[in-house]
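All values reported here derive from a predicted model rather than from experimental measurement.
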Amino acid sequence: QVVLVESGGGLVQTGGSLKLSCAASGLTFNSYAIAWFRQAPGKEREFVAAIDWSGSRTSNADSVKDRFAISRDNAKNTVYLHLNSLKPEDTGVYYCSARSTYYTKNPGDYLYWGQGTQVTVSS
C-alpha cells in the first residue's frame, strides 16, 4: 500500500529554519506530483507548496513565497520542504500528499496522505 511519512518538524524561534522530508513507498514515485499542506488548530487545511513528478515545475502559496522551497529526489523517493524565515503564523501540522497526475491546490484532490509533522514557531 502507499505510505507517506513526514519528518523534520519541531520547535523553532521566529526567523529560524526547518527542513521537512516526505518519504514515500508503495507507489511509482516518479509518476506522482507531491504537495504539502498545513493545518493550524481550528483552521482548515491549506495549500503550502507542490512539485510535479519531474521536479521541473513547482508552486508555492503566496503566504510562503520566497520563504519556503520544495524539491524532490526521485532516486530516494523523497520530497523536501525547506522552511526559512519562519513566522508564528507558520505554526501547524504539515502534511505531504500524493497525486498521480498534475498537482492542484485543493486537498480534496489528493488520495494519499502522510500522518503529518508538527511545526511550532515561537515568537
Side-chain angles (χ1 to χ4, degrees):
Q1 75 277 21
V2 176
V3 177
L4 303 176
V5 180
E6 302 95 334
S7 62
L11 173 63
V12 64
Q13 292 185 333
T14 297
S17 298
L18 285 172
K19 178 182 176 182
L20 306 184
S21 299
C22 171
S25 60
L27 74 170
T28 306
F29 186 70
N30 60 11
S31 297
Y32 280 75
I34 303 294
W36 286 92
F37 293 83
R38 67 186 180 189
Q39 189 164 19
K43 295 188 175 182
E44 293 186 351
R45 193 167 296 189
E46 65 172 354
F47 171 79
V48 176
I51 189 165
D52 75 349
W53 65 272
S54 69
S56 61
R57 293 181 61 241
T58 64
S59 177
N60 280 14
D62 288 343
S63 59
V64 305
K65 198 162 289 185
D66 299 327
R67 298 190 299 121
F68 292 8
I70 188 170
S71 62
R72 68 190 294 159
D73 185 340
N74 284 347
K76 296 182 178 180
N77 282 15
T78 302
V79 168
Y80 305 99
L81 185 65
H82 303 262
L83 288 65
N84 301 304
S85 302
L86 282 160
K87 305 175 181 180
E89 52 263 43
D90 294 318
T91 293
V93 179
Y94 282 68
Y95 299 91
C96 68
S97 57
R99 192 166 189 263
S100 62
T101 56
Y102 52 88
Y103 59 72
T104 74
K105 298 180 180 181
N106 179 7
D109 292 336
Y110 291 80
L111 180 61
Y112 303 113
W113 291 86
Q115 83 291 347
T117 185
Q118 176 71 45
V119 171
T120 303
V121 184
S122 63
S123 58

Interatomic distance, Thr58 atom OG1 to Tyr103 atom OH [nearest 0.5 angstrom]: 6.0 Å

message: Students often mix this up, so state it plainly: with edges at 30° and 60°, are the rings of Phe37 and Phe47 parallel, tilted or perpendicular?
response: perpendicular

query: Any donor and acceptor pair, going by atom type alone, linking the side chain of Ser97 with main-chain N or O of Tyr112 inside 3.5 Å?
result: no

- request: Check whether Leu18 and Phe68 end up in the same hydrophobic cluster, where Ile, Leu, Val, Met, Phe, Trp and Tyr are linked by side-chain heavy atoms less than 4.5 Å apart.
  value: yes

- prompt: With the 4.5 Å side-chain cut-off for hydrophobic clustering, are Val119 and Ile70 part of the same group?
  reply: yes

query: If you round to the nearest 0.5 Å, how far is OH of Tyr102 from OG of Ser59?
result: 14.0 Å

query: Distance-only, no hydrogens or angles: does the Asn77 side chain make a donor-acceptor pair with backbone N or O of Leu27 under 3.5 Å?
result: no

- request: Could you grab the distance from atom OG1 of Thr104 to atom CG of Asp109, nearest 0.5 Å is fine?
  value: 3.5 Å

query: Shared ILVMFWY cluster between Leu111 and Trp113, side chains joined below 4.5 angstrom?
result: no

N/O donor to acceptor pairs below 3.5 angstrom from side-chain atoms of residues 78-96, sequence neighbours left out:
| unit_1 | atom_1 | unit_2 | atom_2 | d |
| --- | --- | --- | --- | --- |
| Thr78 | OG1 | Lys76 | O | 2.8 |
| Asn84 | OD1 | Ser17 | OG | 3.1 |
| Asn84 | ND2 | Arg67 | O | 3.4 |
| Asp90 | OD1 | Arg38 | NH1 | 2.8 |
| Asp90 | OD1 | Arg67 | NH2 | 3.0 |
| Asp90 | OD2 | Arg67 | NH1 | 2.7 |
| Asp90 | OD2 | Arg67 | NH2 | 3.4 |
| Asp90 | OD2 | Lys87 | N | 2.8 |
| Thr91 | OG1 | Pro88 | O | 2.9 |
| Thr91 | OG1 | Val121 | N | 2.9 |
| Tyr94 | OH | Arg38 | NH1 | 2.9 |
| Tyr94 | OH | Asp90 | O | 2.6 |

field: Separation of Tyr32 OH from Leu4 CG (nearest 0.5 Å)
entry: 10.0 Å

task: Check the pair Glu6 / Leu20 against side chain to side chain contact (heavy atoms under 4.5 Å, CB included), numbers first and verdict last.
output: CA-CA 7 Å; Glu6 302 95 334; Leu20 306 184; over 6 Å; no

Flag for Thr101-Arg99: side-chain donor and acceptor within less than 3.5 Å: yes

Residue list, side chain to side chain contact (heavy atoms under 4.5 Å, CB included) with Ser54, at least two apart or on another chain: Asp52, Ser56

